[in-house]
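Atom set for the values below is all heavy atoms of this structure, side chains included, hydrogens, waters and symmetry mates excluded. Throughout, protein chains are lettered first and strands after them, A, B, ... in sequence-line order, and every chain is numbered starting at 1.
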Amino acid sequence: MAIDYKATLNLPQTKFPMKANLGRMEPEILRRWAEMDLYAQLRAQNQGRPRYILHDGPPYANGHIHVGHALNKILKDIIIKSRQMSGFDCPYVPGWDCHGLPIEHEVDKQTKAKGLQLARPEIRQRCREYALRFVDIQRQEFIRLGVMGDWQHPYLTMTNDYVAGIIREYGRIALSGAVYRSKKPIYWCNTCHTALAEAEVEYYDHETPSIFVKFALLSDLSADYPELAGRPISLVIWTTTPWTLPANLAIALNPQFDYAAFQVEEEILILAVDLAEPVLQSLGLTGVEQARIPATRLEGLVCQHPWIDRQSRVILADYVTLEAGTGLVHIAPGHGQEDFDSGRRYGLETYSPVDDDGRFLPDVAEFAGMQVWEANPHIIELLQKRGALLGVEKISHSYPHCWRCKQPVIFRATEQWFISMDHNDLRGQALKAIDQVTWVPRWGRERIHGMVENRPDWCISRQRAWGVPIIAFHCQNCGQILLNQEIIDNIIDLVGREGADAWFKREAADLLPAGSRCPQCGGTEFHKESDILDVWFDSGVSFAAVLETNPGLRFPADLYLEGSDQHRGWFHSALLTAVATRGQAPYRGVLTHGFAVDGEGKKMAKSLGNVIAPQDVIQRFGAEILRLWVAAEDYRDDVRLSDPILKQLTEAYRRIRNTARFLLGNLYDFDPGRDLVPAAAREELDRLALSWLAQLIGRVREAYDRFEFHRAYHRLHQFCAVELSALYLDILKDRLYVSRADSPARRSAQSTLYDLLTSLIRLMAPILSFTAEEIWGYLPGSGREASVHLAAFPEPPPGYPDEVLLSKWEILLKVRGEIYRALEEARRVKLIGNSLEARVTLRATGSLYDQLQTHIPELLTLTMVSELEVRPEALSGLESKEIPGLSMKVEKALGQKCERCWYYSRTTGEDPDHPTLCARCRQVLEV
RNA sequence: GGGCCUAUAGCUCAGUUUCGGUCAGAGCGCACGCCUGAUAAGCGUGAGGUCGUUGGUUCAAUUCCAACUAGGCCCA
């Protein structure tokens with residue numbers, strides 16, 4: 001009976017599944033981490049190590065997470081895990097941003113649908129429940145991604161402690177004198193009597209008058225333009241809101257445009273040159289250009305208001321366009337954002353003579369008490385009477401309306417609270433602080449610098465319920481603001497115990513320390529401020545409310561990491577509040593990532609139908625693939641996500657997984673405690689592999705250190721595909737399978753596989769956290785950490801990489817490449833199939849001959865051919881393109897194929913008892 | 001309209017931190033083939049790019065400058 005020689009081979013065996021089944025495996029691993037409380041174990045194990053603080057920017061507690069959230073949190077997770085494995089203690093406390101309009105808006109919608117009218121504390125209670133619900137949802141979704149952190153103790157910007165922290169920081173800034181009140185135009189609904197945020201206005205078409213109005217020039221231009229002398233000169237403006245004319249304080253021109261004086265009948269009209277013709281034509285007028293006047297010449301001149309005894313200044317503004325109108329813009333600083341900005345620049349009053357009902361105040365004598373919309377025709381009539389009206393028509397255009405009552409809204413200046421950018425030179429200090437920070441990518445510095453340099457004072461007040469109250473009291477008697485440290489401390493104490501609701505529920509007298517008196521008039525009656533803080537202030541001061549209060553954390557953080565939109569958002573508000581209160585930035589480094597876009601680089605939008613949800617990716621591919629995506633893409637630019645990309649990543653994942661599986665399969669009988677061969681005692685090829693491994697470790701760790709995860713991914717993947725699968729592992733099979741199981745040669749190989757595997761999974765752990773953990777459980781041997789995440793990154797074996805070995809084998813590998821080409825040619829002509837069927841003859845002369853001649857065993861190993869010889873004389877065969885002077889000839893191997901090792905050998909058949917075995921196999925089997 | 005940024009093979013990335021001259025590369029995918037002792041695996045060979053477009057600087061530009069186009073974020 002024939003002997004089953006295959007049974008005498010050491011073929012790979014492992015229970016580690018080839019198919020990942022991530023959908024089942026990941027939740028199992030998550031359960032394991034939860035049961036062992038991995039996060040707590042890490043804290044205990046890493047105590048005393050240098051800390052690395054990545055401070056989590058709080059996502060908004062509304063809705064399910066989208067891929068942008070996944071990108072952000074996985075990046076943070078990769079950093080936390082890789083820094084941890086590099087020897088740092090990396091506590092990670094996630095947070096949520098809980099206050100603000102979107103949640104209040106949602107709650108409003110729900111209560112409106114039910115026809116409810118709720119008081120502030122009730123609204124707040126519903127908002128709180130709403131936020132909490134989404135905190136729980138998002139928490140589960142983040143955990144599902146494999147993100148490790150203190151999920152049991154996150155920070156929420158609505159908890160009593162946090163709110164007390166906000167008020168403490170607000171108090172510091174306010175009491176330093178940086179906070180002031182001033183008027184600012186905001187959206188205002190006349191019917192709802194409420195301020196509206198940008199997100200609360202909806203745009204519909206609305207019909208308004210469109211009028212051209214003359215403003216008579218009071219200044220004299222005749223010195224420079226004698227041709228204009230003696231005739232009345234007017235500037236012509238265009239507006240669709242006649243009711244804002246009573247608040248007109250200026251006329252704006254664009255310094256870039258050409259303006260000219262046109263003679264129209266007996267008067268002179270000034271218009272932008274490019275618009276003069278269409279404007280005059282539509283007014284049924286003809287004009288003759290008399291003179292060009294640069295905008296800069298007109299700046300500072302004064303005009304007469306059409307009917308009010310007031311002058312209107314000519315100013316410059318680069319937002320003036322030629323899209324519509326006359327190129328001259330009517331400016332009412334109390335009724336428009338741009339008007340307001342220009343007003344501040346030119347020192348104009350933020351004049352807004354309109355009350356909460358949208359009715360004119362007595363200031364506007366002609367229209368006092370009249371609704372602004374009603375006043376429009378009367379104003380036009382008055383203009384007509386005064387001879388200031390050049391034309392009127394009706395136009396329909398997109399105009400903001402109240403989301404609640406659907407009525408058109410107005411822009412109206414109201415009292416708001418601001419943080420001054422100039423007080424204590426906050427702007428200058430912030431700009432200096434920016435330069436103390438490491439920005440990744442580097443252009444982040446330019447971006448935030450430009451924003452801080454140009455931003456207006458920070459308007460921190462909102463007329464809303466769901467937020468942190470602005471702490472201030474108004475004297476009933478004289479209107480003076482009352483605020484001092486004692487009051488602040490009192491409120492901090494109260495809010496710490498009862499939450500911010502206390503502010504909304506209690507009367508001013510309850511909130512103030514006993515005996516509080518107005519510092520100005522001595523009054524004792526006060527009412528409390530009703531505005532709340534901008535939510536950017538809430539999250540901005542997290543450095544104080546979280547970093548400084550959590551004993552595991554510290555100020556400043558080592559890193560803030562968010563999308564590049566946060567240069568305007570969190571990085572910005574955190575910078576300003578920290579500089580104002582601490583004199584420095586709250587972070588040493590800031591890293592930004594781009595946005596998730598579709599396969600074409602377009603933004604994901606419901607309207608485009610190209611949104612990919614992380615929940616879908618997890619279900620179809622696995623969270624691990626999503627993690628791989630985050631790592632593989634260069635996040636400094638926008639990151640593309642599409643099905644083909646995910647499929648490609650799945651392929652890459654399989655390659656890595658199968659490589660690990662093969663390594664495991666060949667370690668089934670290996671006990672590192674018993675069988676590990678010291679590096680120096682291993683075979684040369686194994687030491688070459690160790691050199692490659694050493695290079696890999698160096699490069700991957702460097703990539704992690706530099707936050708270049710896509711490099712880490714590419715290196716790991718390529719290492720598995722090229723160095724291992726195609727090269728080292730392929731040629732090692734013979735030694736692993738054929739040698740005696742406990743032979744030094746095989747143990748040398750296995751020791752190297754063991755080193756490779758234990759290194760690889762630790763290097764991949766920050767990215768492929770689930771799979772690394774799964775493999776960790778299959779490793780032979782004992783005495784290692786309970787989780788791969790408790791382990792450290794591998795170090796290169798001492799003395800490796802071995803440069804001498806690397807350069808020696810580099811040449812041999814080049815020869816191997818050439819031989820492969822010759823073998824492929826032989827396959828093409830059906831001479832051989834498997835390389836073991838080949839006998840290769842190389843022709844070389846001189847030093848190349850010597851080199852090849854002395855390395856025949858290595859070349860045999862590398863090429864997996866049965867026979868190889870080197871000869872100096874010419875031969876017919878393939879000539880190498882890469883290596884001059886080398887020719888190769890491939891023939892059918894001589895001898896018989898050994899049934900066991902498949903090598904062709906002339907020794908096969910020598911032993912009649914084992915006629916199908918070669919000498920080597922007979923020796924292994926000791927027969 | 002303004003600020004900042006991006007644009008290399010079908011895909012993901014390299015192209016040596018600031019500095020122009022063997023830098024046009026890798027892996028994946030694809031095509032063809034081999035193996036069947038990593039097998040819903042493994043191996044080999046091969047074909048793919050006018051380095052977004054157009055100008056400019058230079059002896060020389062994917063690499064510097066400008067404009068444009070497309071895309072992104074933030075403002076307006």
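- With rounding to whole Å, Glu723(A) atom CD is found 16 Å from C43(B) atom C1'.
- When both pairing distances are held under 3.5 Å, G1(B) makes a Watson-Crick or G-U pair with C75(B).
- For G44(B), the base is not stacked against the aromatic ring of Tyr820(A), per a cut-off of 5.5 Å between centres and 30° between planes.
- Atom name C1', nucleotides C68(B) and G46(B): the rounded distance is 39 Å, in whole Å.
- When the C1' atom of U17(B) is taken as reference, atom CD of Glu702(A) falls 10 Å away, rounded to whole Å.
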Table of protein N/O atoms under 3.5 Å from nucleotides 68-71 of chain B N/O atoms:
residue	atom	partner	partner atom	Å
G71(B)	O2'	Gly601(A)	O	2.5

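- Minimum atom distance to the side chain of Asp730(A) is reached by C43(B), of the listed U12(B), C43(B), C75(B).
- With hydrogens and angles ignored, no donor-acceptor pair under 3.5 angstrom links the side chain of Thr659(A) to the base of A38(B).
- A close approach under 4.0 Å does not occur between any side-chain nitrogen or oxygen of Lys733(A) and OP1 or OP2 of G37(B).
- Considering only the side chain of Asp565(A), C73(B) comes nearest among C73(B), U12(B), A14(B).
- Using Watson-Crick or G-U wobble geometry with both donor-acceptor distances under 3.5 Å, A31(B) finds its partner in U45(B).
- In this structure, CZ of Arg447(A) is placed 14 Å from P of G72(B), rounded to the nearest angstrom.
- His66(A) has its ring centre less than 6.0 Å from the ring centre of His69(A).
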Its contact letters, B for base, S for sugar-phosphate only and - for none at protein heavy atoms under 4.0 Å, make nucleotides 24-34 of chain B read --SBSS---SS
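- For the pair Tyr5(A) and G37(B), the criterion of a side-chain N or O lying under 4.0 Å from OP1 or OP2 is not met.
- Taking 3.5 Å as the limit, the base of C11(B) and the side chain of Arg640(A) contain no donor-acceptor pair of atoms between them.
- Taking 4.0 Å as the cut-off between side-chain N and carboxylate O, Arg636(A) and Glu708(A) count as a salt-bridged pair.
- The shortest distance between the side-chain N/O atoms of Ser725(A) and the OP1/OP2 oxygens of C43(B) is below 4.0 Å.
- Per the geometry, CG belonging to Leu729(A) stands 11 Å off P belonging to A38(B), to the nearest Å.
- Atom NZ of Lys603(A) has 12 or fewer neighbouring heavy atoms from other residues, nucleotides or ligands inside a 6.0 Å radius.
- Comparing the P positions of G48(B) and C64(B) gives a spacing of 29 Å, expressed to the nearest Å.
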Apply the test side-chain hydrogen bond (donor to acceptor under 3.5 Å, both in side chains) to residues Tyr635(A) and His710(A): give CA-CA distance (whole Å), side-chain angles for both, the deciding distance (0.1 Å), then the verdict.
CA-CA 8 Å; Tyr635(A) 60 79; His710(A) 62 287; over 6 Å; no
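- Going from the C1' atom of G25(B) to that of A14(B) covers 7 Å, rounded to whole Å.
- Comparing the same atom, C1', in G71(B) and in C59(B) gives a spacing of 37 Å after rounding to whole Å.
- Side-chain atoms of Tyr820(A) and Ser835(A) include no donor-acceptor pair closer than 3.5 Å.
- Only the C1' atoms considered, U63(B) is 13 Å distant from U16(B), to the nearest whole Å.
- Rounding to whole angstrom units, NE2 of residue His567(A) and P of G2(B) are separated by 22 Å.
- Not less than 6.0 angstrom separates the ring centroid of Phe418(A) from the ring centroid of Trp458(A).
- Out of C43(B), C5(B), A38(B), the shortest distance to the side chain of Trp443(A) is found at C5(B).
- Rounded to whole Å, the distance from CG on Leu836(A) to C1' on C43(B) is 12 Å.
- Remark: Arg839(A) fails to qualify as a cation-pi partner of Tyr904(A) under the 6.0 Å distance and 45° angle criteria applied to the six-membered ring.
- One P atom belongs to A61(B), the other to G55(B), and the distance between them is 13 Å to the nearest Å.
- Of the nucleotides present, G56(B) is the one that pairs with C64(B) by Watson-Crick or G-U wobble criteria, both distances under 3.5 Å.
- With no hydrogens or angles considered, no side-chain donor-acceptor pair links Asn666(A) and Tyr737(A) at under 3.5 Å.
- Looking only at atom types and distance, the side chain of His914(A) has no donor-acceptor partner in the side chain of Arg922(A) under 3.5 Å away.
- The distance between atom CG of Asp341(A) and atom P of C75(B), rounded to the nearest whole Å, is 14 Å.
- For Glu837(A) and G44(B), the CD to P distance is 17 Å, given to the nearest whole Å.
- In this structure, the nucleotide among G42(B), U12(B), A14(B) sitting nearest to the side chain of Ala632(A) is U12(B).
- Regarding contacts with the backbone of G46(B), a side-chain N or O of Arg821(A) is found under 4.0 angstrom from either OP1 or OP2.
- With a glycosidic angle more than 90° from 0, G15(B) adopts the anti conformation.
- In terms of polar N and O atoms assigned as donor or acceptor, the side chain of Arg568(A) never comes within less than 3.5 Å of the base of C74(B) in a complementary pairing.
- Partner of Gln750(A) under the side chain to side chain donor-acceptor pair (under 3.5 Å) criterion, out of Asp755(A), Asp686(A), Asp669(A), Asn10(A): Asp669(A) alone.
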